[in-house]
Q: 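The structure's right below; bear with me while I get my questions together.
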Amino acid sequence: MSTSTLRWALLGASDIAATRMVPAMRALDHAPASVVSGNEGHARRWAAQHQVARCGTDLAEGLRDVDAAYISSTNTKHYEQALAAIRAGRHVLCEKPLALTARESDQLVAEAEAAGVVLAANHHLPGSPLHVKARELVASGRIGNLLGARVMHAVELPERLRTWRLSADEAQGAGVILDITCHDASVLNPLLGGLPGTVSALAVRQNEWTEGGGQAPDAVMTVLRYSGPEGRARLAQTHDAFTVPHDTTRLEVLGSAGTIVVHDAMTQDASGSITLTTAAGTEEVAVDTDADLYEIVLTAFAGAVTGTGAPTATGQDGANAVRVALAVERAARTGHAVDPRDVP
Ligand code: NDP
């Protein structure tokens, strides 16, 4: 199989599939072959609008005659759809969060491995040239000993997406933590060294679009403690929000001999830049940001399927990001620090 012949079942007739993934598939000559939705009429309209030949509500039928499944349904459905696709022998690229419990995301990783299929998470940031370059700068020693990182990821949720993300129940996959903090974790974990050992957080609901109380948090600040070589502590901070219309996103990486700032670091588009400040002054670091982030994910995924590469975020990376997000939720809810290894 060549990378240009991956045939996809789209599980979820979603905005991200329409706006990012189907265009990226077509740009790479992949074939979106079927779309599965919980609603027959929505499936039909979506398929017609995006020229997908087969559509319906039957998962098994959607998974017929394809190589891989791309899952972008609401968060509550990811686990069951990923499991079904893996058990049908399909490679799986699943939207974040992989599942709503750590146990379920770990199970997906184990089942994919046992079935010999590729499982990847559609975290678009770890493979971004900006983040790859930041990790390279750290690994090359340019900023000395790595001390920590700060992520500014406070944005405004577009009006068209103010639906299930704002519902009352975090257990049903709503809220900013599973949506955005999960992405931060996909960046911080490989940068700072695996899973953090301790997570603290405060989360609130700030938006004025929804009536009444009870919705899942739409703004959160976290503090995370990672361990570097010889147990050396590294600290990270994140600010994630659906409610901030006028800010840019940023990643700052702090070392004993320098600081890396990635400007526009957390967007869906690869535009952005990097500055490096050391004792010698501040310099712009050259990065080629022309490639589409979702094409990068798909190209790496196809490489993994054909045995010539690895996903930009593996199933295990996705499971680790879920653990961090769930630990943040628990820490915010209880007011206590949480070890991500302890979340069920
Ligand atoms: P949407 O709200 O657009 O779609 C999610 C689901 O809602 C669809 O799969 C569909 O359910 C249902 N739905 C949407 N519109 C209708 C409609 N008009 N009628 C009936 N049902 C409808 O979600 P997003 O695209 O924003 O997010 C989907 C997933 O992708 C989430 O898990 C999210 O976390 C992830 N995501 C990832 C991003 C990334 O950069 N990696 C960016 C944005 C989202 P059904 O499954 O039944 O078709």
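Values reported hereafter were calculated over all heavy atoms of this structure, with side chains retained and with hydrogens, waters and symmetry mates removed. Atoms within each ligand, like the ligands themselves, are counted from 1 in listed order. All figures in this text were calculated on a predicted structure; none of them were measured in a lab.
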Q: In terms of side-chain heavy atoms, does T248 have a donor or acceptor partner in H263 at a distance below 3.5 Å?
A: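 There is no such pair (donor and acceptor under 3.5 Å, judged by atom type) between the side chains of T248 and H263.
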Q: Walk me through it: do M266 and L125 pass the test side chain to side chain contact (heavy atoms under 4.5 Å, CB included)?
A: CA-CA 7 Å; M266 312 300 284; L125 295 170; 3.6 Å; yes
Q: Which pairs would a plain distance check flag for residues 281-288, meaning a side-chain donor or acceptor within less than 3.5 Å of a matching protein atom at least two apart in sequence or in another chain?
A:
residue	atom	partner	partner atom	Å
T282	OG1	T277	OG1	2.8
E283	OE2	R142	NH2	3.1
D288	OD1	D290	N	3.0

Q: For ligand 1, give me the residues whose heavy-atom distance to it is below 4.0 Å, by chain and number please.
A: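 Contacts of ligand 1 under 4.0 Å: G12, A13, S14, D15, I16, S37, G38, H42, S72, S73, T74, N75, K77, H78, E95, K96, N122, H124, L161, W164, R165, D179, H183, Q268, Y294.
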Q: Considering only distance and modelled atom types, tabulate donor-acceptor pairs under 3.5 Å from the side chains of residues 236-247, sequence neighbours left out.
A:
residue	atom	partner	partner atom	Å
T238	OG1	T222	OG1	2.6
D240	OD2	T181	OG1	2.8
T243	OG1	Q206	OE1	2.8

Q: Hey, are N189 and N320 close enough side-chain-wise for a donor-acceptor pair under 3.5 Å?
A: no
Q: For V36, what residues pass the side-chain contact (heavy atoms from CB on, under 4.5 Å) criterion, not counting sequence neighbours?
A: L11, L59
